[in-house]
Novice: 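Okay, here's the structure, questions in a sec.
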Amino acid sequence: MNQNPTKHTKVLIIGSGPAGYTAAVYAARAMLKPILVYGSEPGGQLTTTTDVENYPGFADVIQGPWLMDQMKEQAKAVGTEMIEDHIGSVDLKSSPFKAIGDSGQKYTADSIIISTGAQARWLNLKSEQEFRGFGVSACATCDGFFFKNKEVAVIGGGNAAVEEAMFLTKFASKVKLIHRRDSLRAEKMLQKKLMDNKKIEIIWDTIVEDVIGDREPKNVKGLKVKNLKTNKISEIKLDGVFIAIGHDPATSLFKNQLKMDNEGYLITKPDSTETNIPGVYAAGDVKDKTFRQAVTAAGMGCMAALEAEKFLSH
């Protein structure tokens, strides 16, 4: 059994990434001596993104993992205590708030900033994971630029899939939207725009069986697909594949304690990062399913820290 005494902090930050690290920078500079607890994948989704061209301040292309390392070091340099642990349970009913790590370590906090992020859902094919970053992506806004005048596919049928497909027509010569049903879940307005776009072809009732590509150098060549009505298997030649079947926010920890929407995203007050419990804040993809960018997550991390500081000073 872990005999460590309970660690108390004014601000406990759960999760890293641009939101958590930025919150830590602001909280530390406000002399709040924050503790940031990060899990097994510090830096979050950006650590699986190689080329970052849209983070302000860098004229040259930077690497996602490098950017996260820099943010982490910056947060440390200004006085954040970093602990690798996985928070297994939280109690937000009483003050101070309590959290227990898988290590057995107990934490108490006067305020909490949640920046546990989200994960893109994948098809969970071995080939898909093998070609991640080599033609397979879950983010059109991040990677669409690399597919100028190329043929790509988007997998999915909801708003996200339709928006990604529309966005990709700016770059790609042809976009195939592959959906397992015979109708889309996306809003009617979006569907109309999609149908009117000459660059987009919809392939109905179809699932992806495999991603096809070269091993040396690694790049995607196409997809093996199956029609669910006829069971016919065919191959489609492509240069890129975008998976758009949704994201899962990492919020199971807060079930029955914090308000969430039907997809599990934390709900915050308008123009604020405050959840339904005063003193508990949510920043980044854990609450944002609209923008999902590093810069917006960092912005929310800043907001959360400033709101926590104000809360603590009253």
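We use all heavy atoms of the structure for the numbers below, so side chains are in, but hydrogens, waters and symmetry mates are not.
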Novice: Any side-chain heavy atom of Val11 within less than 4.5 Å of one from Leu312?
Specialist: yes
Novice: Are Val25 and Tyr21 linked, directly or through intermediate hydrophobic residues, by side-chain heavy-atom contacts shorter than 4.5 Å (ILVMFWY only)?
Specialist: no
Novice: Is the NZ or CZ atom of Lys218 positioned over Phe134's six-membered ring, under 6.0 angstrom from the centre and within 45° of the axis?
Specialist: yes
Novice: Is the side chain of Glu151 donor-acceptor paired with the backbone N or O of Asp239 at a distance under 3.5 Å, no angle test?
Specialist: no
Novice: For Asn149 and Ser173: C-alpha separation, side-chain torsions, deciding distance, then whether side chain to side chain donor-acceptor pair (under 3.5 Å) applies.
Specialist: CA-CA 5 Å; Asn149 304 321; Ser173 54; over 6 Å; no
Novice: Honestly curious: do Leu266 and Phe97 fall in one hydrophobic cluster under the side-chain, below-4.5 Å linking rule?
Specialist: yes
Novice: Check whether Val154 and Val220 end up in the same hydrophobic cluster, where Ile, Leu, Val, Met, Phe, Trp and Tyr are linked by side-chain heavy atoms less than 4.5 Å apart.
Specialist: no
Novice: Taking the basic N atoms (NZ, or NE/NH1/NH2) and the acidic carboxylate oxygens, is any pair closer than 4.0 Å for Lys33 and Glu81?
Specialist: no
Novice: Look at the side chain of Ser111 and the backbone N and O of Glu309, then say whether any donor-acceptor pair between them is shorter than 3.5 Å.
Specialist: no
Novice: Can you confirm whether or not the ring centre of Phe242 sits under 6.0 Å from the ring centre of Phe147?
Specialist: yes
Novice: Tell me if a side-chain donor or acceptor on Thr22 pairs with a main-chain N or O of Pro18 at a distance below 3.5 Å.
Specialist: yes
Novice: Mark yes when over 12 heavy atoms from residues, nucleotides or ligands other than Met189 sit less than 6.0 Å from its CE; otherwise mark no.
Specialist: no
Novice: Establish whether Leu168 and Leu223 are linked, either directly or via other cluster members, by ILVMFWY side-chain heavy-atom contacts under 4.5 Å.
Specialist: no
Novice: Report the C-alpha distance between Thr206 and Lys226 in whole Å, list the side-chain angles of each, state the deciding distance to 0.1 Å, and finish with yes or no for side-chain contact (heavy atoms from CB on, under 4.5 Å).
Specialist: CA-CA 6 Å; Thr206 297; Lys226 175 178 165 181; 5.9 Å; no
Novice: Check whether any side-chain N or O of Thr80 sits under 3.5 Å from a backbone N or O of Pro34 as a donor-acceptor pair, and report yes or no.
Specialist: no
Novice: Atom NZ of residue position Lys10 - does it have more than 12 heavy atoms of other residues, nucleotides or ligands inside 6.0 Å?
Specialist: no
Novice: Take Val162 and Leu184, measure what side-chain contact (heavy atoms from CB on, under 4.5 Å) needs, and give me the verdict at the end.
Specialist: CA-CA 9 Å; Val162 172; Leu184 299 171; 4.2 Å; yes
Novice: Pair Val152, Val241 - check side-chain contact (heavy atoms from CB on, under 4.5 Å), show working.
Specialist: CA-CA 6 Å; Val152 299; Val241 183; over 6 Å; no
Novice: So Lys192 and Lys188, do their side chains get closer than 4.5 Å, heavy atoms only?
Specialist: no
Novice: Are Lys224 and Glu209 within salt-bridge range, i.e. N to O under 4.0 Å?
Specialist: no
Novice: Donor-acceptor pair, Asp288 side chain versus Phe291 backbone, under 3.5 Å?
Specialist: yes
Novice: For a side-chain contact (heavy atoms from CB on, under 4.5 Å) check, start with the C-alpha distance between Ile178 and Ile202, then their side-chain angles and the critical distance, and finish with the verdict.
Specialist: CA-CA 6 Å; Ile178 301 174; Ile202 304 176; over 6 Å; no
Novice: With rounding to the nearest 0.5 Å, note down the distance linking CE in Met303 to OG1 in Thr296.
Specialist: 10.5 Å
Novice: Hey, are the side chains of Ile83 and Ile35 touching, using non-hydrogen atoms and a 4.5 Å cut-off?
Specialist: yes
Novice: So, Lys289 and Asp261, do they make that salt bridge, N to O below 4.0 Å?
Specialist: yes
Novice: Taking all heavy atoms of Ala250 and all of Thr116, pick out the closest pair and write down the distance.
Specialist: O-OG1, 2.8 Å
Novice: Keeping Lys106 on the side-chain end and Lys7 on the backbone end, is there a donor-acceptor pair under 3.5 Å?
Specialist: no
Novice: So which heavy atom on Tyr26 is nearest to which on Ala305, and how close?
Specialist: CB-CB, 3.5 Å
Novice: Determine yes or no for a side-chain-to-main-chain donor-acceptor pair under 3.5 angstrom, with Gln74 supplying the side chain and Gln70 the backbone.
Specialist: no
Novice: Where is the tightest heavy-atom contact between Gly158 and Arg185, given as atom of each residue plus distance?
Specialist: N-NH2, 3.5 Å
Novice: Strictly distance-based, threshold 3.5 Å: is any side-chain N or O of Ser115 a donor or acceptor partner for the main-chain N or O of Ala283?
Specialist: no
Novice: Please determine whether a side-chain nitrogen of the Lys or Arg among Lys310 and Glu307 lies less than 4.0 Å from a carboxylate oxygen of the Asp or Glu.
Specialist: no
Novice: With clusters defined by side-chain heavy atoms of hydrophobic residues (ILVMFWY) lying less than 4.5 Å apart, directly or transitively, does Ile236 cluster with Ile212?
Specialist: no
Novice: Would you say that Thr251 contacts Val286 through its side chain, given a criterion of any heavy-atom pair below 4.5 Å between the two side chains?
Specialist: yes
Novice: Identify the two heavy atoms, one from Gly39 and one from Pro42, that lie closest to each other, and give their separation to 0.1 Å.
Specialist: O-CD, 3.5 Å
Novice: With side chain to side chain donor-acceptor pair (under 3.5 Å) as the test, pick out the partner of Asp285 among His247, Gln293, Gln119, Gln45.
Specialist: Gln45
Novice: Is atom CD of Glu263 surrounded by more than 12 heavy atoms (other residues, nucleotides or ligands) closer than 6.0 Å?
Specialist: yes
Novice: Given the rule in the side chain to side chain donor-acceptor pair (under 3.5 Å) test, do Lys98 and Thr108 qualify, once you have shown the distances and angles that lead to the verdict?
Specialist: CA-CA 5 Å; Lys98 296 178 195 65; Thr108 58; over 6 Å; no
Novice: Which atom names give the shortest non-hydrogen contact between Ala282 and Lys287, and what distance separates them?
Specialist: O-CD, 3.6 Å
Novice: From Met300 CE over to Cys302 SG, what is the distance, rounded to the nearest 0.5 angstrom?
Specialist: 11.5 Å
Novice: So Val175 and Asn197, do their side chains get closer than 4.5 Å, heavy atoms only?
Specialist: no
Novice: Mark yes when over 12 heavy atoms from residues, nucleotides or ligands other than Asn231 sit less than 6.0 Å from its CG; otherwise mark no.
Specialist: yes
Novice: Once you round to the nearest 0.5 Å, how far does CG of Asp196 lie from CE of Met166?
Specialist: 8.5 Å
Novice: If I compare all heavy atoms of Val90 with all of Ile14, which pair ends up nearest, and what's the gap?
Specialist: CG1-CD1, 4.2 Å
Novice: Is it the case that the side chains of Tyr107 and Asp85 hold a donor-acceptor pair, with the cut-off being a distance below 3.5 Å and no angle test?
Specialist: yes
Novice: Rounded to the nearest 0.5 Å, what separation is found between the OG1 atom of Thr275 and the CD1 atom of Ile267?
Specialist: 10.5 Å
Novice: Taking NZ, NE, NH1 and NH2 as the nitrogens, is one of them in Arg181 or Asp205 under 4.0 Å from a carboxylate oxygen of the other?
Specialist: no
Novice: Does Lys259 offer a backbone N or O that forms a donor-acceptor pair with the side chain of Asn276 under 3.5 Å?
Specialist: yes
Novice: Within the 4.5 Å heavy-atom criterion, are Asp182 and Lys229 side-chain neighbours or not?
Specialist: yes
Novice: With a 6.0 Å cut-off (strictly less than), is the heavy-atom count around NZ of Lys199, excluding the residue itself, greater than 12?
Specialist: yes
Novice: If you round to the nearest 0.5 Å, how far is CD of Glu187 from CG of Leu194?
Specialist: 12.5 Å
Novice: Any side-chain heavy atom of Arg121 within less than 4.5 Å of one from Asp248?
Specialist: yes
Novice: Using atom types as modelled and distance alone, determine if a side-chain donor or acceptor of Gln63 lies under 3.5 Å from a backbone N or O of Val52.
Specialist: no
Novice: Within 45° of the axis and under 6.0 Å from the centre of the six-membered ring of Tyr38, does NZ or CZ of Lys72 qualify?
Specialist: yes
Novice: How far does CD1 of Ile243 sit from OG of Ser137, to the nearest 0.5 angstrom?
Specialist: 8.5 Å
Novice: Does Leu177 reach the side chain of Ile203, with side-chain heavy atoms less than 4.5 Å apart?
Specialist: no
